[in-house]
*Asks:* 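Right, I'll just put the structure down here and ask away after.
For this chain, numbers begin at 1 and follow the sequence in order.
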Amino acid sequence: MDSRRNQNRLSNLPEHLLVLIISNLPFKEAVKTSVLAKPWKHLHHGTTNVSFKESDFVKRSVSSSEESLREARVSFVGFVVNWVSRFPGDVIESFELCLSKPAGFETEIKHLIEFAVSKKVKNLSLDFSDLTCSASNQARPAVMFQLPECVYTQANVEALKLFACGFNPSRFENRCPFKSLCFGWIELGKIMTLLSKSPLLESLTIQNCWNVGLESITGDNNRLRELVFENCDFATEYTMLELPNIQVFKYTGTFHYFQFLTVNRRMEEAYLDYGAETDDEIGQLLCDLLYDLLSARKLTVCPFLVKAIKDSDDSVRLKAPMETRHLVIKTNLVPDEFVGIRLMINSCHELETLTFQMVPPVSVARTSPGFNPKSYWTYPISHKCLKKTLKVVEVRNFTGGTYELVMLKYLIRTGCVLERVDLYLPVGTSESEKASVRVMMRTLGDEGVASSKRLWIRHHDG
C-alpha cells in the first residue's frame with residue numbers, strides 16, 4: 001500500500017518535474033519507467049540524458065547466429081531512430097551512442113549525430129569499437145565511420161568522447177568549447193591543431209590511439225587538470241608539457257619521454273605503468289620523471305619502473321624527497337625489485353599508506369641481484385617514513401609467499417607508528433587457504449617484534 005501511495009504521489013507531480021526526475025536516472029532505467037503507470041508511458045521521451053548502448057539491447061551468446069545478431073542490431077538502430085523522432089524538447093544534456101561495426105548504418109548514425117547537435121548537446125559520446133574484442137586485442141578498423149560535418153561546426157559540446165571512428169582534428173575552424181576530450185582507437189596525427197583551439201580544456205584522455213602527434217601541451221591549455229594516456233603509439237620522440245594546474249597524470253604503455261617544463265606542485269595522483277617494457281637502460285630518465293611528479297599525493301608505479309631505477313645515478317634515493325602520502329607499488333616482490341622498492345620507500349619521507357599490489361609474475365631470465373635476497377630485509381636499516389608517518393600497509397592479492405612475509409616482517413619490525421596491516425586475499429581463495437593465512441598472520445606478530453603498540457593485522461576476502 002505504501003509503495004502504491006508513493007507511486008501515486010509521484011504521478012501527481014507536474015509532468016516537467018517528472019521529466020527532470022527521470023533525466024537523473026540511467027537511460028536504461030528511465031525507459032523502464034514507462035510501465036509504472038499510464039501517465040508515465042511516454043515521459044522517458046523527454047529525458048535529457050540519452051544513452052543508446054548496443055550491449056543493453058542486443059544480447060550476445062555462444063549460440064547466437066550471425067543472422068539473429070544482425071536482426072537484433074537492425075531492431076536496435078530502428079528503436080533509436082524512432083526514439084529521437086519522438087523527442088519533444090529543444091535541448092539535450094548528454095547523448096551517447098555505442099554501436100559496433102557501424103557499416104550499413106551510416107545514414108542512421110549521421111541522422112542521430114545531427115539530431116544531438118541540433119539539440120545543443122553538451123556531452124557527446126560516440127563509440128564504434130568492436131564489442132566482440134577486448135580493449136587489448138581491438139584491431140584498427142580498416143574502414144571507419146566518418147564523422148559528419150556538424151561535429152566540426154557545432155559550438156555547444158563541452159565533453160567529447162570518440163572511439164573507433166574517422167576523425168580529423170584539423171577540421172575545427174573556430175575556437176572550441178571543449179572542457180573534456182577522450183579518444184580511443186583513432187589516428188591522431190593532427191591533434192596539436194585541436195589543442196590549440198581548446199583553451200578551456202580540463203581533461204584529456206587518449207587510449208589505444210596511433211600516430212599521436214603530440215609535440216607539446218603549452219600554456220594555451222593551462223586549465224588542464226587531468227591527462228591520461230593508455231597504450232598509445234606516438235609519432236613524436238618526446239612531448240613537452242606545461243601543466244601548471246595538473247591534478248592527475250596517468251601513463252600506461254611502452255616508455256615515452258615527457259619533458260615537464262611546468263608542473264603543479266600540489267598534484268593529487270600520478271600513475272606510471274610501463275607494462276612489458278624491456279629497455280632497462282632508462283632508469284635515470286624514470287628518476288627524472290619521478291622528480292617532476294614529486295608533489296603527487298598518490299603515486300602508483302609498476303614492476304618495470306621499480307627494477308629500472310636501481311640502475312640510476314643514485315640507487316639509494318631520488319634527487320629530491322617525494323611528497324607522496326600513498327604509494328602503490330605493483331610488484332612481483334622478486335629480488336630484482338628489492339633495491340628499487342627500498343629506494344621508493346626511502347624517498348617518500350611523508351608516506352602514510354604503502355600498498356603492494358601483487359601482479360602475476362613475468363617470465364624473464366634470472367640474474368644474480370648481487371646480494372642475499374633472504375637476508376636483504378633483515379638488515380637494521382630504517383627510513384624516515386617508517387619512524388614518523390607510515391600508518392597503513394596493504395598487500396593486495398596476498399598469498400603468503402616467502403618474500404611477502406619477509407617484507408611484512410621488516411615493515412612491522414621498523415614501522416614505529418604503524419597502525420594497520422591489511423592483507424587482501426585473491427578472489428576465489430578457498431577456506432583451507434584462508435586458514436593458512438590466519439596461521440601466517442599469527443607468526444607476523446609473534447615474539448613482540450612489532451615496534452608499534454597499536455598495530456592491528458587483519459585479512460580480507462578478495
Side-chain angles (χ1 to χ4, degrees), residues 96-103 106 109 113 124-148 151-152 157 159-172 176 178 180-198 201 203-218 220-221 224 226-241 243 248-260 271-279 282 285-286 289 302 304-305:
E96 180 180 22
L97 176 63
C98 300
L99 177 64
S100 66
K101 301 178 181 178
E106 291 88 349
I109 294 172
I113 296 173
L124 179 61
S125 176
L126 305 171
D127 184 351
F128 304 112
S129 55
D130 191 343
L131 288 176
T132 63
C133 299
S134 65
S136 60
N137 63 11
Q138 189 92 205
R140 297 180 185 178
V143 179
M144 290 186 167
F145 170 78
Q146 298 296 317
L147 295 179
V151 173
Y152 302 103
V157 175
L160 179 65
K161 178 180 177 181
L162 301 175
F163 275 30
C165 58
F167 173 62
N168 185 348
S170 66
R171 286 180 61 184
F172 291 94
C176 302
F178 300 130
S180 174
L181 291 171
C182 179
F183 302 115
W185 293 285
I186 289 177
E187 193 272 332
L188 289 177
K190 298 179 180 179
I191 190 173
M192 292 297 298
T193 57
L194 175 57
L195 294 183
S196 67
K197 295 173 183 176
S198 305
L201 192 62
S203 174
L204 175 62
T205 299
I206 304 178
Q207 302 172 323
N208 302 288
C209 292
W210 59 94
N211 194 36
V212 180
L214 189 63
E215 299 172 1
S216 63
I217 296 179
T218 66
D220 293 336
N221 303 114
L224 197 64
E226 182 178 36
L227 182 58
V228 179
F229 300 98
E230 289 185 22
N231 302 315
C232 293
D233 178 12
F234 287 85
T236 59
E237 291 186 10
Y238 62 91
T239 301
M240 293 187 293
L241 300 175
L243 302 173
V248 177
F249 177 84
K250 295 184 178 182
Y251 185 87
T252 303
T254 55
F255 181 77
H256 179 72
Y257 180 64
F258 293 98
Q259 181 179 0
F260 284 80
Y271 181 100
L272 303 172
D273 189 343
Y274 296 102
E277 175 67 67
T278 58
D279 184 359
I282 57 175
L285 294 178
L286 293 173
L289 178 59
C302 66
F304 171 77
L305 182 146

*Asks:* If you round to the nearest 0.5 Å, how far is CG of L188 from SG of C232?
*Replies:*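 It comes to 8.0 Å.
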*Asks:* Could you tell me which residues satisfy ring pair (Phe, Tyr, Trp, His ring centres under 6.0 Å) with F258, sequence neighbours excluded, listed by chain and number?
*Replies:*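 Scan of F258 (ring pair (Phe, Tyr, Trp, His ring centres under 6.0 Å), adjacent residues dropped) gives F229, F249, Y251, H256.
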*Asks:* Sequence neighbours excluded, which residues qualify as salt bridge (charged side-chain N to carboxylate O under 4.0 Å, His left out) partners of D127?
*Replies:*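 Applying salt bridge (charged side-chain N to carboxylate O under 4.0 Å, His left out) to D127 gives none.
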*Asks:* Counting only N and O atoms by type, is there a donor-acceptor contact under 3.5 Å from the side chain of E187 to the main-chain atoms of G189?
*Replies:*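 Flag set: sc E187 to bb G189 pair under 3.5 Å.
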*Asks:* Is there side-chain contact between I191 and I206, with at least one heavy-atom pair below 4.5 Å?
*Replies:*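 Yes, close enough: below the 4.5 Å cut-off.
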*Asks:* Evaluate the criterion side chain to side chain contact (heavy atoms under 4.5 Å, CB included) for residue pair F304 and I282; output intermediate values, then yes/no.
*Replies:* CA-CA 10 Å; F304 171 77; I282 57 175; 3.8 Å; yes
*Asks:* For the atom pair OG (S180) and CG (L201), what is the distance rounded to the nearest 0.5 Å?
*Replies:*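 Spacing of OG (S180) from CG (L201) equals 7.5 Å.
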*Asks:* Angle between ring planes, Y274 versus F255, binned at 30° and 60°: parallel, tilted or perpendicular?
*Replies:*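 Tilted.
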*Asks:* Below 4.5 Å, heavy atoms only, C-beta onward: do P169 and M192 meet side chain to side chain?
*Replies:*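 No; the side chains remain at least 4.5 Å from each other.
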*Asks:* Looking only at heavy atoms, which two atoms of G253 and N231 are closest? And how far apart?
*Replies:*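 Heavy atoms only, the tightest pair is CA-OD1, 3.7 Å.
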*Asks:* Minimum heavy-atom separation for F128 and A164, please, with both atom names.
*Replies:*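 F128 and A164 have their closest heavy atoms at CB-O, 3.4 Å.
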*Asks:* Is there a side-chain contact between E106 and F145, using heavy atoms and a 4.5 Å cut-off?
*Replies:*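 SC-SC contact between E106 and F145 confirmed.
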*Asks:* If you take all heavy atoms of S198 and C176, which pair is closest and at what distance?
*Replies:*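 Nearest pair, atom of S198 first, then C176: OG-CB, 3.8 Å.
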*Asks:* Taking side chain to side chain donor-acceptor pair (under 3.5 Å) as the test, write out the residues that go with S170, two or more places apart.
*Replies:*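 Applying side chain to side chain donor-acceptor pair (under 3.5 Å) to S170 gives N168.
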*Asks:* Kindly give the heavy-atom pair with the smallest separation between S100 and S129, and that separation in Å.
*Replies:*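 Residues S100 and S129, closest heavy atoms: CB-O, 3.1 Å.
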*Asks:* For the atom pair CH2 (W185) and CH2 (W210), what is the distance rounded to the nearest 0.5 Å?
*Replies:*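 Going from CH2 on W185 over to CH2 on W210, the span is 10.0 Å.
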*Asks:* Run the numbers on F260 and L243 for side chain to side chain contact (heavy atoms under 4.5 Å, CB included), then give the verdict.
*Replies:* CA-CA 8 Å; F260 284 80; L243 302 173; 3.8 Å; yes
*Asks:* Taking the side chain as every heavy atom from C-beta outward, state whether L214 and L195 have any pair of such atoms under 4.5 Å apart.
*Replies:*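 Contact flag for L214/L195 side chains = yes.
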*Asks:* Check whether any side-chain heavy atom of I186 lies under 4.5 Å from a side-chain heavy atom of C165, and answer yes or no.
*Replies:*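 A side-chain contact under 4.5 Å exists here.
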*Asks:* Could you measure the distance from the CG atom of N211 to the NZ atom of K190? Nearest 0.5 Å is fine.
*Replies:*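 Answer for the CG-NZ pair, N211 versus K190, is 10.5 Å.
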*Asks:* Check the pair L204 / I217 against side chain to side chain contact (heavy atoms under 4.5 Å, CB included), numbers first and verdict last.
*Replies:* CA-CA 11 Å; L204 175 62; I217 296 179; 4.3 Å; yes
*Asks:* Look up atom OH in Y271 and atom OG1 in T252, then write down how far apart they are to the nearest 0.5 Å.
*Replies:*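 Interatomic distance, Y271 OH to T252 OG1, rounded to 0.5 Å: 5.0 Å.
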*Asks:* Just wondering, do F167 and L194 contact through their side chains at under 4.5 Å, heavy atoms?
*Replies:*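 A side-chain contact under 4.5 Å exists here.
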*Asks:* Can you tell me how far the CG atom of L162 sits from the CG atom of L147, to the nearest 0.5 Å?
*Replies:*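 Reported value, rounded in 0.5 Å steps: 5.5 Å.
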*Asks:* Do L289 and L305 come within less than 4.5 Å of each other through their side chains, counting heavy atoms only?
*Replies:*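 A side-chain contact under 4.5 Å is absent here.
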*Asks:* Could you walk me through whether D130 and K101 pass the side chain to side chain contact (heavy atoms under 4.5 Å, CB included) check?
*Replies:* CA-CA 6 Å; D130 191 343; K101 301 178 181 178; 3.5 Å; yes
*Asks:* So, do L241 and L227 sit near enough that their side-chain heavy atoms are less than 4.5 Å apart?
*Replies:*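 A side-chain contact under 4.5 Å exists here.
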